[in-house]
Structures are given as C-alpha cells and as structure tokens.
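Remember, it's 1-based here, ligands and their atoms both numbered in the order they're listed. Fair warning: this is a prediction, and the values are worked out from it, not measured in the lab.
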Amino acid sequence: MNKALRRAVIAGNWKMNKTPGEAAELMEQLKPLCEGAGCGVVVCAPFVDLHAVLEAAQGTGIGVGAQNCHWEQSGAFTGEISAPMLASMGVQYVIIGHSERRQYFGETDATVNRRVRAALAGGLTVILCVGEVLTQREQGVTCELVGMQTKIALGGVAPEELKNVIIAYEPVWAIGTGRTATAEQANEVCRAIRGTVSSLYGAAAGDAMTIQYGGSMNAGNAAELLAQPDVDGGLIGGASLKPADFAAIIAAAGK
Ligand code: 13P
C-alpha cells in the first residue's frame with residue numbers, strides 16, 4: 001500500500017502542561033491554524049484539561065486524547081482514570097506506554113499491554129509509544145527491542161481492533177533533548193515496526209498502520225521526517241505548545 005493511502009496523524013502531547021484556563025486559550029489559538037488540515041490532528045491534554053479541550057474542539061475536526069488510562073474499568077485504584085471514564089466524556093484517543101511513563105512511573109511492556117487492551121475495549125484509539133534508550137541504540141538492538149515492545153503491547157489485540165491503533169516510534173534519547181533522529185533512522189525503525197505488525201497480522205495490516213515519529217520534531221525538521229515513506233505523522237511534545245510551530249508541522253504532514 002502506498003503511504004499516501006495511510007492516514008497521517010499529527011498529535012500533540014502536552015504532557016504535564018497547561019491549566020484548564022490555559023488549555024482553553026491554547027485551543028483558541030490552535031483552532032484557526034488547524035482549519036483545512038490535510039492530516040488528522042489530535043491534542044492529548046492532561047486529564048483536568050480534557051473538559052475544556054473537548055468543548056473548544058467541538059465542530060473543528062481536532063481529535064482529543066488523554067495521556068494514559070488504567071486497565072480496569074473501575075475499582076480501588078487511587079489516582080487512576082479508566083478508559084470508560086474518558087470515552088464517556090467524549091475523549092477519542094489515549095497515549096499508552098509513553099517513555100516517561102515507562103521511565104518514571106514503572107510502566108512495563110506487560111502493563112502497557114493491559115492498558116492497550118482496556119483502551120481498545122473502551123472504544124478509544126490508542127497511540128502506542130515504543131522506543132529505545134541511547135545505550136540500546138548504541139548496542140545495535142533498536143529494531144529488535146522496538147519490535148518486541150510492539151509485539152508485547154499488541155498481545156491479545158484482535159485484527160479488527162487494529163484500525164484503532166496508531167504506533168508512535170519515539171527514541172527516548174530524542175525526547176525533549178533537541179536531538180532528533182535522522183530521517184533515515186526514523187524511517188528505518190518505523191519500517192521495522194511495520195514489519196512486526198505485518199508478521200503478526202499480515203501485510204495488509206502492516207501497510208495500513210499509521211506509524212508516527214516523535215522526539216524533538218519541530219517546524220524546521222518536520223518536512224524531512226514526514227516525507228519518509230514509513231513515517232505517517234508525528235507525536236509532538238514541546239512544539240505542540242507553540243501554535244505556530246504545531247501548525248507548521250501539520251502543514252508539512254498535509255503535503
Ligand atoms: P518532544 O517533542 O518535546 O521531544 O517530545 C516528544 C514526545 O515525547 C511526544 O510524546
């Protein structure tokens with residue numbers, strides 16, 4: 001399948017930034033800039049901002065996502081939020097397995113898998129994050145490692161659920177560092193992930209999977225990264241908080 005037939009998605013990951021008031025303000029700035037986007041646009045906001053962001057996004061075509069969800073629907077899990085809670089608000093997307101969750105909050109491939117399955121069962125579209133740390137890249141295990149992360153995360157996911165999965169390749173060494181993977185490095189790993197999906201679900205499923213790159217993507221480097229044959233959009237941290245930069249990335253993806 002041709003890259004042009006896949007849906008490119010630019011998703012902003014606001015991480016732990018913006019109060020509800022600030023989130024509403026940022027959305028008002030983003031809205032006119034996102035009109036007529038030639039790709040899918042999603043913003044993933046902190047839980048407390050979701051109400052304001054959903055309200056602002058109404059009628060705009062901008063998708064709204066959370067940054068995590070729990071694997072149970074409800075219960076004694078203090079501080080957690082479940083997929084049905086998010087879906088009932090109107091949230092459509094959720095990031096699962098971000099490296100910051102893995103690094104700082106004990107997220108493992110096994111818990112990522114549980115969260116992915118719960119999110120899909122709850123009707124959300126998952127943005128599944130995978131990626132290597134610098135020593136793993138230096139040891140030459142990137143593609144194997146990312147393949148393994150992908151395989152474990154998708155364990156128990158039915159073929160018909162894959163249309164609600166986006167995979168984001170985010171090399172940990174490129175996140176928030178200003179150090180971006182080269183376009184070749186990004187494409188090589190995105191292609192390897194596509195190969196993993198194909199090996200699990202068949203070539204058509206691999207061809208159809210939207211695979212994003214994330215890690216210091218910005219207005220200056222987006223065009224080259226997004227032009228790669230296996231890179232179908234981006235998961236954007238810092239630059240997603242700057243309306244003009246986010247808009248420039250969206251424009252680059254729409255080309
Ligand atoms: P930066 O774009 O700030 O490097 O963050 C990338 C990221 O982690 C998106 O999830």
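Residues L128 and V112 have side chains in contact (heavy-atom distance under 4.5 Å, counting atoms from C-beta outward). At a threshold of 4.5 Å between non-hydrogen side-chain atoms, the residues S240 and N13 do not count as touching.
By the criterion of a heavy-atom distance under 4.0 Å, the backbone of A174, and not its side chain, is placed next to ligand 1. Counting heavy atoms under 4.0 Å from ligand 1, residue N13 touches it through the side chain alone.
In the vicinity of G215, heavy-atom distances shorter than 4.0 Å reach the ligand 1 atoms 4 (O), 6 (C). In the vicinity of E170, heavy-atom distances shorter than 4.0 Å reach the ligand 1 atoms 6 (C), 7 (C), 8 (O), 9 (C), 10 (O).
Side chain to side chain, Q103 and S99 fail the donor-acceptor criterion of an N or O pair below 3.5 Å.
Scanning the protein for heavy atoms near atom 5 (O) of ligand 1, the closest one is K15 NZ, 3.2 Å. Shortest contact from atom 2 (O) of ligand 1 to any protein heavy atom: G237 N, 2.9 Å.
For a threshold of 3.5 Å applied to N or O pairs, the pair formed by G238 and ligand 1 contains at least one separation below that value.
Shown here is K31, whose NZ atom has more than 12 heavy atoms of other residues, nucleotides or ligands within 6.0 Å.
Assignment of G176 to the shell around ligand 1 is supported, since a heavy atom sits closer than 4.0 Å. The shortest separation from a heavy atom of S216 to ligand 1 is under 4.0 Å, placing the residue in contact.
Taking the ring pair (Phe, Tyr, Trp, His ring centres under 6.0 Å) definition, one finds that H51 meets it with nothing, sequence neighbours left out. Under the rule for a ring pair (Phe, Tyr, Trp, His ring centres under 6.0 Å), F47 has no partner lying at least two apart in sequence or in another chain.
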- Message: Under the criterion salt bridge (Lys or Arg N to Asp or Glu O under 4.0 Å), I'd like the reasoning laid out for D232 against R6: C-alpha separation, chi angles, the key distance, then a yes or no.
- Response: CA-CA 7 Å; D232 309 312; R6 283 193 291 271; 3.0 Å; yes

